[in-house]
Amino acid sequence: GYAVETISLAAAGLDEEYHQLKAGPLKSAARGECSATTMVAMLEYLSSIRRIFQQAEKGARYMSQVRGTIENDAVSS
């Protein structure tokens with residue numbers, strides 16, 4: 001199947017960790033360990049990964065619903 005539960009758990013875990021992860025680049029920039037440009041790039045990268053997981057979860061849910069609809073239609077026919 002499309003492992004909706006597995007993807008949902010991974011997305012939820014990533015979402016919880018996302019806020020902790022983005023603190024790293026912010027702190028590094030504040031300490032002068034990286035430039036603001038580097039910090040922004042790292043934050044955008046983290047944000048992109050988060051969005052990919054969110055879209056994967058959304059896609060898995062959609063495919064699961066489509067599959068259920070097709071199976072129900074096949075049984076009804």
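Hydrogens, waters and symmetry mates are skipped; everything else that's a heavy atom, side chains included, is used. Numbers here simply count residues along the sequence, with the first being 1. Only a predicted model underlies this, so the values are computations on that prediction, with no experimental measurement involved.
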Legend entry - More than 12 heavy atoms from other groups under 6.0 Å of OH on Y45: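 No.
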
Inset, instruction - Would you check if the side chain of S47 reaches a backbone N or O of L43 as a donor-acceptor pair within less than 3.5 Å? - result: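 Pair absent, no side-chain N/O of S47 close to backbone of L43.
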
Inset, instruction - Return yes if some donor-acceptor pair links the side-chain N/O of S64 with the main-chain N/O of A60 below 3.5 Å, else return no. - result: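 Pair absent, no side-chain N/O of S64 close to backbone of A60.
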
Find the distance between [atom1] ([X]) and [atom2] ([Y]) and round it off to the nearest 0.5 Å.
X   : Y   : atom1 : atom2 : answer
E57 : I52 : CD    : CD1   : 14.5 Å
Q54 : I49 : CD    : CD1   : 12.0 Å
H19 : R50 : NE2   : CZ    : 4.5 Å
S28 : M42 : OG    : CE    : 5.5 Å

Legend entry - same_hphob_cluster(L26, V40) at 4.5 Å side-chain heavy-atom cutoff: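 Yes, same cluster.
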
Inset, instruction - Compare all side-chain heavy atoms of R31 with those of K27 and state whether any distance is below 4.5 angstrom. - result: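 A side-chain contact under 4.5 Å exists here.
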
Inset, instruction - For P25 and M39, work out which heavy atoms get closest and say how close. - result: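 So the minimum-distance heavy-atom pair works out to O-CG, 3.5 Å.
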
